[in-house]
Amino acid sequence: MSRAKPCRAKLGGVPRRIVRVTEQTAPAPETTDDIPEQMRVRREKRDRLIADGGEAYPVTVPRTHEIAEVKEQYAGLEDGEETQDVVGVAGRVVFIRNTGKLCFASVQDGTGERLQIMLSLAEVGEESLAAFKSTVDLGDHLFAKGRAIKSRRGEVSVFASEWAIAAKSLRPLPTLHKDLAEDTRVRQRYVDLIARPLARDTVRNRAKLNRSLRESLHSRGFIEVETPMLQTQPGGAAARPFVTHMNAYDIDLYMRIAPELFLKRAAVGGIEKVFEINRNFRNEGADSSHSPEFSMLEAYEAYGNYDTMAELTQSLVQGAADDIFGTQVVTLADGSEYDLSGTWRTISMYDSLSEALGEEITPATTVERLQQLADRFEVSVDPKRVNHGKLVEELWEHHLGDTLHQPTFVRDFPVETSPLTRDHRTKDGVVEKWDLYVRGFELATAYSELVDPVIQRERFEQQARMAAQGDDEAMTLDEDFLTAMEYAMPPSGGMGMGIDRLLMALTGLGIRETILFPLVKPTED
RNA sequence: GGGCCUCUAGCUCAGUCGGUAGAGCAGCGGACUUUUAAUCCGUAGGUCGUGGGUUCGAGCCCCACGGGGCCCA
């Protein structure tokens with residue numbers, strides 16, 4: 001990693017190697033013959049522009065209109081009709097055509113809206129036209145000032161009398177008519193955003209989603225807070241954390257795996273309807289539905305329970321679909337439709353598993369019997385984590401997990417796997433928890449929260465025994481959290497929902513498409 | 001963790017049986033005053049992911065490693 005090697009600029013990729021620049025490794029001065037032709041040419045154009053007294057990156061250009069404004073305002077012109085209205089517009093050049101004494105360029109703004117610029121010899125003169133041809137490349141930000149017209153072919157255009165580079169691009173744009181390779185899309189999302197409409201839409205849909213969720217929660221009287229991401233003790237979920245180190249106190253810290261224990265502290269303090277939308281970090285695998293960092297909504301409502309949370313969750317999701325797409329029957333990326341409307345189905349975990357197995361499974365079913373069933377169906381559970389609850393959940397997931405296409409609440413979980421959930425008010429051995437399944441994956445979960453600090457301590461002690469047996473996902477006893485709970489948290493319902501997964505559910509995209517800049521493994525070459 | 005597929009020009013991709021590396025777009029030079037993936041003429045561009053091996057000869061066959069994807073656990 002510290003080899004002194006001249007850094008050969010690659011046109012296609014980002015510089016992937018991470019090199020600490022020291023006196024030994026300081027890159028050799030870049031020579032123009034060391035970089036690919038298209039970059040070299042663009043650098044020379046930049047240099048020439050500046051040498052001739054111009055600017056390749058002016059501080060501003062006198063823009064008077066957004067692209068959409070011009071298109072809208074002059075849409076009614078006849079083909080070939082010209083106005084005397086002078087507008088100043090700017091955008092990234094995505095199309096260029098030179099027919100000799102007349103040039104066309106289309107500029108695009110961040111929304112993907114495009115506007116045609118026309119430059120004619122008669123209007124700008126020989127020198128300006130020649131300079132345009134020799135200076136402007138695909139990918140540059142271009143400013144043009146001129147009359148608004150409609151071309152003979154019927155396209156609203158700016159008939160330029162002046163033009164200027166607004167920002168010179170030193171790298172060529174990819175072919176805009178083909179999608180980038182999936183890896184490049186993710187590694188160079190900024191190029192993907194320039195090239196691919198769906199990439200742009202996804203960013204905006206995600207913003208709409210966050211806004212919709214926040215507005216729905218605010219309108220119900222929930223207060224948004226931010227709780228620690230750096231924690232001295234990770235908790236609130238069964239997951240392996242990322243570990244980091246704080247120099248000032250010389251202690252290890254953990255990136256949070258869930259905000260739960262802090263939101264409950266807030267609830268103890270009287271923030272009785274509280275939520276947070278933020279990132280969690282889990283040091284586990286990465287695949288098409290898991291990202292090591294992911295966004296999550298958690299909400300707690302005093303005097304609520306898992307039934308009110310189900311109502312809240314359904315309403316948040318349906319509201320988001322309405323706000324983003326104007327319908328609760330969404331169209332997915334593969335063209336299929338997905339219906340989120342109505343009241344969602346509810347099933348019981350034990351009943352649905354019993355039905356699938358053709359044998360009654362209850363909280364009283366022995367570990368031995370469950371293990372036999374697991375063996376028969378080749379469901380493997382880490383021996384360090386074997387207990388009644390784990391086996392029931394694994395068997396359930398094996399038989400039913402990906403069969404739940406329509407939105408479905410799965411209710412009443414075994415107690416071992418839900419240490420933060422209160423016991424069911426009438427059924428022995430299960431807790432008041434549901435998981436929401438949508439299109440075969442888990443989207444959200446909610447509890448009637450366990451608020452009895454004595455039972456909570458026992459549950460933590462149980463987890464500690466599981467950790468001692470080698471379960472590295474077992475929760476640790478959080479003394480500070482228990483102290484808070486001993487001041488009494490009001491009876492509450494709590495819910496957590498994956499934001500990335502919600503966007504996946506609403507769009508049919510993979511998780512790496514819903515995250516703007518997902519973590520990618522650096523290459524070493 | 002296991003299996004399969006994949007990595008070639010700036011981008012997207014071909015590349016036959018192992019015999020001197022190809023196309024489209026974009027680039028460079030030229031023609032064209034209504035193009036919109038324009039057309040025409042000319043031209044440049046490659047450490048074939050990396051490292052080994054087999055071979056007279058490897059983009060192609062073998063091994064290892066790296067990146068990505070899909071399926072399974």
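Labels below follow one simple rule: chain letters A, B, ... track the order of the sequence lines, proteins then strands, and each chain is numbered from 1.
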Taking any heavy-atom pair under 4.0 Å as a contact, classify [X]: base, sugar-phosphate, or nothing.
X	result
A/L121	base
A/A181	sugar-phosphate
A/N98	base
A/T99	base

Out of [options], which nucleotide sits closest to the side chain of [X]?
X	options	result
A/Q38	B/A37, B/G68, B/G10	B/G10
A/L180	B/U34, B/C11, B/G68	B/C11
A/R512	B/U36, B/U34, B/G69	B/G69
A/K45	B/C28, B/G68, B/C32	B/C28

Nearest-nucleotide check on RNA chain B, A/F95 vs A/A122; residue mapping nearer the 5' end is A/A122
5'-most contact on RNA chain B: A/I149 or A/E182, nearest heavy atom basis?
A/I149
Using atom P in both nucleotides, what's the gap between B/A44 and B/G24 to the nearest angstrom?
15 Å
How far does the P atom of B/C60 sit from the matching atom of B/U50, given to the nearest Å?
11 Å
Centres of the A/F132 and A/W163 rings: under 6.0 Å?
yes
Are A/F377 and A/W396 an aromatic pair, judged by ring center distance below 6.0 Å?
no
If only side-chain N and O atoms of A/K178 are considered, is one of them under 4.0 Å from the OP1 or OP2 phosphate oxygen of B/U12?
no
Any salt bridge between A/E81 and A/K150, counting N to O under 4.0 Å?
no
Side chains of A/T417 and A/E393: is there a donor and an acceptor less than 3.5 Å apart?
yes
Should the side chain of A/T175 and the base of B/C25 be counted as holding a donor-acceptor pair, with the cut-off at 3.5 Å?
yes
